[in-house]
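Structure first, commentary second.
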Amino acid sequence: MTDLSKPPVPGHPMVQAEGVRKSYGLVEVLKGIDLEVKQNEVFVLVGPSGSGKSTFLRCINHLEKINGGLLSVDGELVGYRRKGDKLYELKDREVALKRRDIGMVFQRFNLFPHMTAIENITEAPVQVKGESKADARERGMALLERVGLAEKAKSYPSQLSGGQQQRVAIARALAMKPKLMLFDEPTSALDPELVGEVLDVMRGLAEEGMTMIVVTHEMGFAREVGDALVFMDGGVVVESGNPRDVLTNPQHERTRAFLSKVL
């Protein structure tokens with residue numbers, strides 16, 4: 001099973017959203033999102049560009065602040081503390097502590113260009129969690145081997161292909177021993193022949209029981225690996241269910257129209 005720093009609390013959903021809203025000025029991007037992600041589940045978010053998928057993902061680790069509703073991870077509110085019937089926003093330092101338990105893999109890798117692969121992976125465990133450099137390096141090398149890149153430990157991002165960079169980014173997120181992994185279109189910036197190597201790493205994580213929320217256009221992956229799927233459009237959940245059921249027999253016209261273009 002996945003090595004978690006803080007095991008999830010039995011009985012809690014890993015993520016619960018209740019009426020979550022997010023606006024940028026007068027533009028409401030999330031219009032009351034209700035969904036639940038169970039522990040050890042691979043939860044897939046699909047939908048057209050601009051539907052709110054990535055914004056919702058960023059709200060989960062408080063990279064974006066919600067404007068309404070409630071959002072919790074493993075039974076604890078994201079970014080806020082409840083006292084009586086009021087909510088109080090957490091300080092930045094408290095938010096950062098909570099965020100350590102949530103790994104995020106972005107579309108554009110976001111590796112430090114001046115650091116080697118192993119340095120990218122060990123930086124946060126040493127600087128944020130206070131691990132010894134020796135322990136962090138040992139774990140980092142094990143993670144590089146896990147994603148099939150042990151021989152690239154001393155390579156800089158510019159010396160790696162896009163698929164290799166994304167696999168290093170996944171290893172970097174895992175180095176913090178997260179209880180939840182968020183993937184924001186992790187293969188969309190890759191050449192088609194490199195997509196498979198990243199999806200293979202994600203399949204391995206799913207098999208180990210890692211709770212994952214994946215924003216993707218890879219419908220084959222969603223059908224094969226996903227436990228639950230939500231189709232979003234216009235900032236709302238249009239349809240949800242078992243990925244194979246939704247992809248094979250969508251119930252809503254908006255879902256059918258979207259899938260006709262991507263399948």
Side-chain angles (χ1 to χ4, degrees), residues 4-6 8 13-25 27-37 43-47 49-82 87-113 120-121 123-125 127-129 165-166 168-189 202 205 210-216 230 232 235-237:
L4 303 179
S5 55
K6 293 181 180 177
M14 181 57 80
V15 177
Q16 185 151 25
E18 303 172 68
V20 169
R21 295 181 176 272
K22 172 65 183 176
S23 298
Y24 297 102
V27 179
E28 192 172 32
V29 181
L30 300 177
K31 304 174 182 177
I33 301 295
D34 294 299
L35 58 80
E36 182 177 295
V37 181
F43 193 96
V44 183
L45 292 173
V46 302
S49 297
S51 59
K53 311 181 302 296
S54 293
T55 298
F56 178 70
L57 212 62
R58 292 171 66 85
C59 289
I60 292 173
N61 62 1
H62 210 56
L63 289 174
E64 300 283 358
K65 298 178 183 179
I66 64 175
N67 302 119
L70 296 173
L71 185 57
S72 61
V73 173
D74 199 18
E76 296 186 0
L77 290 174
V78 174
Y80 297 90
R81 178 188 296 109
R82 192 197 304 270
L87 295 180
Y88 297 88
E89 189 169 359
L90 298 178
K91 296 177 181 177
D92 289 346
R93 185 174 179 277
E94 294 174 293
V95 171
L97 286 173
K98 302 274 188 184
R99 195 178 285 144
R100 297 192 311 183
D101 292 332
I102 304 173
M104 187 157 186
V105 178
F106 298 89
Q107 182 177 346
R108 288 286 177 183
F109 324 140
N110 290 4
L111 297 177
F112 297 117
N120 264 282
I121 293 169
E123 176 74 3
Q127 298 299 328
V128 178
K129 299 187 84 170
Q165 289 185 62
Q166 193 62 295
V168 172
I170 293 172
R172 180 178 63 179
L174 292 173
M176 293 295 284
K177 304 178 184 176
K179 65 174 84 172
L180 170 66
M181 285 284 285
L182 310 177
F183 292 87
D184 189 7
E185 300 193 28
T187 61
S188 62
M202 294 170 65
L205 290 176
M210 173 63 78
T211 309
M212 301 159 60
I213 304 178
V214 184
V215 173
T216 186
V230 157
M232 289 179 62
V236 300
V237 173

pair Pro178-Met104: side-chain heavy atoms closer than 4.5 Å:
no
Indicate the atoms forming the closest heavy-atom contact of Met176 with Lys129, along with that distance.
O-NZ, 3.1 Å
Which atom names give the shortest non-hydrogen contact between Leu111 and Arg172, and what distance separates them?
CA-NH1, 3.6 Å
So how far is it from Met14 CE to Ile60 CD1, rounded to the nearest 0.5 Å?
11.0 Å
The criterion is side-chain hydrogen bond (donor to acceptor under 3.5 Å, both in side chains); which residues satisfy it with Glu123, sequence neighbours excluded?
none
Grab the two heavy atoms, one from Ala175 and one from Ile121, that are nearest each other, plus how far apart they are.
CB-O, 3.5 Å
Lys53 vs Glu185, test: side chain to side chain contact (heavy atoms under 4.5 Å, CB included). Steps then yes/no.
CA-CA 10 Å; Lys53 311 181 302 296; Glu185 300 193 28; 4.3 Å; yes
Residues two or more places apart in sequence or in another chain: which of them pass salt bridge (charged side-chain N to carboxylate O under 4.0 Å, His left out) with Arg58?
Glu64
Please name the residue in the list Ser23, Cys59, Ser51 that meets the side chain to side chain contact (heavy atoms under 4.5 Å, CB included) test with Leu30.
Cys59
Which residues pass the side-chain contact (heavy atoms from CB on, under 4.5 Å) test with Asp34, sequence neighbours left out?
Glu18
Not counting sequence neighbours, which residues clear side-chain contact (heavy atoms from CB on, under 4.5 Å) with Glu94? List them please.
Arg81, Leu90, Lys91
Kindly compute the distance separating CD (Gln107) from CD (Gln166), expressed to the nearest 0.5 Å.
9.0 Å
Please examine the side chains of Gln16 and Leu70, heavy atoms only from C-beta on, and report whether any two atoms are closer than 4.5 Å.
no
State which residues pass side-chain hydrogen bond (donor to acceptor under 3.5 Å, both in side chains) with Lys31; sequence neighbours excluded, sorted by chain then number.
none
Restricting to side-chain contact (heavy atoms from CB on, under 4.5 Å), what partner residues turn up for Val29, sequence neighbours left out?
Tyr24, Val27, Thr55
Nearest heavy atoms of Ala173 and Val105, plus distance in Å:
CB-CG2, 4.2 Å
Measure the CZ-CG distance between Phe183 and Leu205 for me, rounded to the nearest 0.5 Å.
5.5 Å
Partners passing salt bridge (charged side-chain N to carboxylate O under 4.0 Å, His left out) against Glu89 (at least two apart in sequence or in another chain):
Lys65
Which is it for Val95 and Val78 under the side chain to side chain contact (heavy atoms under 4.5 Å, CB included) test, yes or no, and what are the steps along the way?
CA-CA 8 Å; Val95 171; Val78 174; over 6 Å; no
Output all residues satisfying side-chain hydrogen bond (donor to acceptor under 3.5 Å, both in side chains) with Asn61, sequence neighbours left out; order by chain, then residue number.
none
Please enumerate all residues that pass side-chain contact (heavy atoms from CB on, under 4.5 Å) together with Val44, with sequence neighbours excluded.
Val42, Val46, Thr216, Ala222, Leu229
For side chain to side chain contact (heavy atoms under 4.5 Å, CB included), just list the numbers for Val215 and Ile213, CA-CA rounded to whole Å, side-chain angles, deciding distance to a tenth of an Å, and then say yes or no.
CA-CA 7 Å; Val215 173; Ile213 304 178; 5.6 Å; no
Close side-chain approach of Asp101 and Lys98, heavy atoms under 4.5 Å:
no
Just how far is it from atom CZ of Arg99 to atom CG of Leu63, taken to the nearest 0.5 Å?
4.5 Å
Look up atom CD1 in Ile33 and atom CD1 in Ile66, then write down how far apart they are to the nearest 0.5 Å.
11.5 Å
Kindly write out the residues that satisfy side-chain hydrogen bond (donor to acceptor under 3.5 Å, both in side chains) with Arg82, not counting sequence neighbours, or none if the list is empty.
none
Sequence neighbours left out, what pairs pass ring pair (Phe, Tyr, Trp, His ring centres under 6.0 Å) with at least one residue falling in residues 54-78?
His62-Tyr80
Closest contact, heavy atoms only, Phe112 versus Asn120
N-OD1, 2.7 Å
From CG (Leu45) to CG (Leu35), nearest 0.5 Å
7.0 Å
Partners passing salt bridge (charged side-chain N to carboxylate O under 4.0 Å, His left out) against Arg21 (at least two apart in sequence or in another chain):
Glu28
